[in-house]
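Residue numbering restarts at 1 for every chain, and letters A, B, ... go by the order of the sequence lines. Here the structure is a predicted model, which means the values were calculated and not measured.
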Amino acid sequence: MRIENIITGAVSRFFHERSLPEPDQSLIQLQKTRKEFKGNITLVVFPLVRLIKKSPPETAEELGTYLKKLPEIKDFNVVKGFLNLEVESSYWTRFIQEYAFNPDYGTQSRAVPAETVLVEYSSPNTNKPLHLGHIRNNLLGYSISRILEANGKSVKKVNLVNDRGIHICKTMLAWEKWGDNKTPAETGVKGDHFVGDMYVKFENAYRKEIEGLVSKGVPEDQARREAPLIREAQTMLKKWEEGDEQVNALWKMMNSWVYAGFDVTYEKLGVSFDKIYYESETYHTGKSIVEEGVKKSVLIRKDDGSVWADLTHRGLDEKLLLRSDGTSVYITQDLGTAVLRQKDYDADKMFYVVGNEQDYHFKVLSLILDELGYEWAGSLQHISYGMVELPSGKMKSREGKVVDADNLIDEMIDTAGTLSSELGKLEGLTEKEKKNIINIIGMGALKYFILKVDPQKNMIFNPEESIDFNGNTGPFIQYTHARVCSLLKKSELHGIKPGNADISDVSLSPKEVRVAALLHEFPAVLEEAGRNCSPALIANLIYELAREYNQFYHDHPVIKESNIALRDFRLLLTMLTGNVIKKGMGLLGIDVPERM
RNA sequence: GGUUCCGUAGCUCAGCUGGAUAGAGCAACAGCCUUCUAAGCUGUGGGUCCCAGGUUCGAAUCCUGGCGGAAUCACCA
């Protein structure tokens with residue numbers, strides 16, 4: 001039994017035996033003992049004093065005396081209303097022994113039948129390459145999927161590609177006008193960047209047209225609407241919706257370039273999907289759902305032909321679902337996608353990893369689904385995350401103020417390579433092995449940097465200062481793992497096989513206990529990370545573990561320890577630390593090398 | 001203007017459903033490699049937890065009101 005449960009149970013018994021009112025579970029508050037005090041687990045007695053009607057120190061003293069009778073409790077001390085408990089070394093050694101050889105320690109095996117959850121993430125537009133903001137989205141989506149799996153869910157990762165609309169037509173038009181019939185293959189430019197360049201060309205030319213009109217005295221918003229280029233793009237969009245063959249062929253060709261580019265970036269990021277949905281396919285479903293809603297009088301068609309959902313009785317406004325010309329808007333497609341997915345997977349929950357700029361959108365989306373009578377409308381959950389900002393403020397693609405995903409990835413790997421050779425860490429390895437490890441380190445630095453931040457918060461990325469490789473970073477944790485591996489390999493060379501000696505009697509140093517206690521926390525943190533959809537919780541725990549382990553490593557010999565039982569315990573502690581680092585980092589989508 | 005989110009060290013961030021003297025990393029300075037990987041370890045300095053009230057034995061945490069920042073409220077996506 002876990003120590004928390006042992007203590008909680010004993011506290012209840014304490015009250016029961018004295019015929020006092022038994023405390024509610026929420027009143028028995030356990031927390032980690034702060035470093036400056038002796039002990040491992042602290043019982044906060046303030047909430048209990050009312051039941052026992054004694055002062056906090058008296059209560060703590062009496063409880064301490066009682067709990068000390070437990071075989072798991074070695075000693076206690078009281079500081080004001082805090083009862084600090086020292087857990088017996090044997091509890092920790094038994095715990096370490098039980099899990100040291102289990103690489104899946106902490107994870108839940110999948111229940112039967114497992115709850116099926118859908119996680120949508122990535123959701124790119126096909127008119128420009130991915131940037132730093134998308135990286136956060138992809139890393140969060142992938143990691144959350146892994147975390148939910150580790151909590152026993154059956155997870156389906158899905159992507160929704162925004163492959164239609166006016167912005168796509170802009171790139172097509174630009175290519176027709178200024179693309180010289182070139183392809184990415186001919187120019188050697190990655191497909192998504194190639195198409196993104198076309199988008200920029202369009203926007204620049206369009207802006208010049210607007211400026212020209214404004215200088216002739218046309219009001220700006222009118223100029224925006226009437227510039228010849230935007231007119232042409234709109235004509236093209238209409239042709240596309242009508243199924244014009246030539247436009248369709250161009251659309252398919254340019255999208256295929258983009259997808260080839262995305263695939264490379266996804267591969268580098270190490271993310272993947274079980275299914276990809278395309279808005280060009282799902283918006284039909286969206287439209288017919290809306291038409292049905294009109295028939296059922298859940299939705300309103302106004303005189304000009306536009307269709308609306310009236311959400312005023314829900315405290316929101318009216319929301320447009322179809323334009324007066326019958327074309328669909330963004331939310332229409334999302335309605336269709338949701339219905340299709342529910343049909344495909346019959347999921348218990350549908351998560352959407354989408355930036356917090358769309359908080360309102362998702363509130364409206366599930367309300368409308370509810371209005372339309374889908375009983376699963378409540379199963380949609382928006383996993384909202386904050387924006388990535390530059391020191392100068394928000395990224396703005398129009399001003400070229402973006403951090404390109406591919407560039408950033410390459411730079412991180414370059415830096416990892418330079419650092420590795422400066423430190424002379426990878427000598428004696430083949431080029432292929434070196435490349436692999438450098439790749440793991442560079443990506444680890446990038447991924448950890450982003451995932452360690454609470455998803456809900458906006459975060460700032462400074463390209464000048466770039467990403468560290470020391471301190472609270474991915475490479476620091478990876479390094480700790482490499483150390484662990486090196487140690488275990490050496491012990492094997494010495495013919496040491498831990499697990500045979502009786503380690504139940506070894507007494508542990510405070511540092512050893514602290515490492516063990518962090519390992520002990522892992523399952524609960526994983527569970528909480530799943531509940532909150534927060535990879536950051538795991539990142540924080542793994543970092544703390546690596547830090548404590550490095551301190552332990554610094555002042556405790558392991559292989560060289562002459563006391564066999566103690567040596568074996570330290571090796572088992574090392575093994576479990578390695579397992580948890582590897583498992584935890586894996587949940588963040590980060591690989592750990594065996595040497596670096 | 002309405003709504004939502006955020007505000008903690010010079011910088012980037014932790015701080016769980018209220019608990020002890022608010023913690024890490026970076027940056028700065030000073031130490032530790034003949035010994036299991038120095039991408040490590042140790043030490044020093046650095047704080048009005050935006051402000052003001054309230055609830056409580058106890059508030060960075062909860063409530064109210066300000067201030068500051070961001071997002072959103074489109075026949076954009």
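- Taking atom C1' in both U56(B) and G19(B), one finds a spacing of 12 Å when rounded to whole Å.
- On the P atoms, C62(B) is 37 Å away from A77(B), given to the nearest whole Å.
- Counting only heavy atoms from C-beta on, Glu389(A) has its side chain closest to A70(B) among G40(B), U21(B), A70(B).
- Here salt bridge (Lys or Arg N to Asp or Glu O under 4.0 Å) pairs that include residues 309-321 of chain A, with residues two or more places apart or in two chains, are Lys302(A)-Glu318(A), Arg314(A)-Asp370(A), Arg314(A)-Glu371(A).
- A20(B) has Phe37(A) stacked on its base ring, the centres lying under 5.5 angstrom apart and the planes within 30 degrees of parallel.
- In this structure, Phe82(A) has its ring center under 6.0 Å from that of Phe46(A).
- Nearest-nucleotide positions on RNA chain B place Thr480(A) closer to the 5' end than the other of Asn162(A) and Thr480(A).
- At a cut-off of 3.5 Å, with distance as the only test, no side-chain donor of Tyr385(A) or Asn356(A) sits close to an acceptor on the other residue.
- Here Phe82(A) does not lie in a stacked arrangement on the base of G19(B), lacking the combination of planes under 30° and ring centres under 5.5 Å apart.
- Residue contacts shown for Thr42(A) include a base, since a base heavy atom lies under 4.0 Å away.
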Reading nucleotides 3-13 of chain B from 5' to 3' and marking B where a protein heavy atom lies under 4.0 Å of the base, S where only the sugar-phosphate is that close, and - otherwise, the string is --SSS----SS
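- In this entry U37(B) has no Watson-Crick or G-U wobble partner, no candidate having both defining distances under 3.5 Å.
- At the heavy-atom level, Glu594(A) lies under 4.0 Å from base atoms of the strands shown.
- The separation between Leu419(A) atom CG and G40(B) atom C1' is 14 Å, rounded to whole Å.
- Donor-acceptor pairing under 3.5 Å, judged by distance alone, is absent between the side chain of Asp317(A) and the base of A74(B).
- You'll find that the side chain of Asn84(A) is closest to A20(B), out of A70(B), A20(B), C75(B).
- Regarding the sugar-base torsion, C33(B) falls in the syn class, its angle being within 90° of 0.
- The salt bridge (Lys or Arg N to Asp or Glu O under 4.0 Å) search around Lys490(A) returns none, not counting sequence neighbours.
- Residue Ser324(A) places a side-chain atom within donor-acceptor reach of the base of C75(B), judged by atom type and a 3.5 Å distance cut-off alone.
- Spacing between C57(B) and A74(B) at atom P, rounded to whole Å, works out to 47 Å.
- Here the nucleotide nearest the side chain of Asn125(A), chosen from A20(B), C26(B), A77(B), is A77(B).
- Atom C1' of nucleotide C76(B) and atom OH of Tyr206(A) are separated by 11 Å, given to the nearest angstrom.
- The interatomic distance linking Leu320(A) (CG) with C75(B) (C1') rounds to 5 Å, in whole Å.
- Judged by closest nucleotide on RNA chain B, Val44(A) is the one of Val44(A) and Lys394(A) placed further toward the 5' end.
- Rounding to whole angstrom units, CG of residue Leu423(A) and P of C33(B) are separated by 19 Å.
- Looking only at atom types and distance, the side chain of Arg483(A) has a donor-acceptor partner in the side chain of Asn550(A) under 3.5 Å away.
- For the pair Leu30(A) CG and G19(B) C1', the computed distance is 13 Å after rounding to whole Å.
- Asp192(A) meets the salt bridge (Lys or Arg N to Asp or Glu O under 4.0 Å) test with Lys190(A); sequence neighbours excluded.
- Of the candidates A38(B), A20(B), A77(B), the closest approach to any side-chain atom of His361(A) belongs to A77(B).
- Taking every side-chain heavy atom of Glu528(A) into account, C16(B) is the closest of C36(B), C16(B), G25(B).
- Taking atom P in both C50(B) and A59(B), the straight-line distance is 15 Å, to the nearest Å.
- Judged by distance alone, the side chains of Thr42(A) and Asn84(A) do bring a donor and an acceptor atom under 3.5 Å apart.
- If you take CG of Asp325(A) and P of C76(B), they are 9 Å apart, rounded to a whole angstrom.
- By the criterion of a centre-to-centre distance under 5.5 Å and near-parallel planes under 30°, the ring of Phe46(A) forms no stack with the base of G58(B).
- When the nucleotides U21(B), C76(B), U37(B) are ranked by their closest atom to the side chain of Tyr553(A), U37(B) comes out on top.
- Here U72(B) sits opposite G2(B) as a Watson-Crick or G-U wobble pair (both hydrogen-bonding atom distances under 3.5 Å).
- Neither OP1 nor OP2 of G19(B) sits under 4.0 Å from any side-chain N or O of Gln29(A).
- Among the protein residues, Pro391(A) comes within range of no part of the nucleic acid, since none of its heavy atoms lies under 4.0 Å from any strand.
- Going from atom CD of Glu357(A) over to atom C1' of C73(B) covers 14 Å, rounded to whole Å.
- Partners of Glu433(A) according to the salt bridge (Lys or Arg N to Asp or Glu O under 4.0 Å) rule, which considers only residues two or more places apart in sequence or in another chain, do not exist here.
- Sorted by first and then second residue, the pairs that involve residues 31-42 of chain A and meet salt bridge (Lys or Arg N to Asp or Glu O under 4.0 Å), not counting sequence neighbours, are Lys32(A)-Glu521(A), Lys32(A)-Glu544(A), Arg34(A)-Glu36(A), Lys35(A)-Glu548(A), Lys38(A)-Glu86(A).
- Checking U37(B), C41(B), C36(B) against the side-chain heavy atoms of Leu487(A) singles out C36(B) as nearest.
- Atom P of nucleotide G40(B) and atom NE2 of His556(A) are separated by 20 Å, given to the nearest angstrom.
- The ring of Tyr549(A) has its center closer than 6.0 angstrom to the ring center of Phe552(A).
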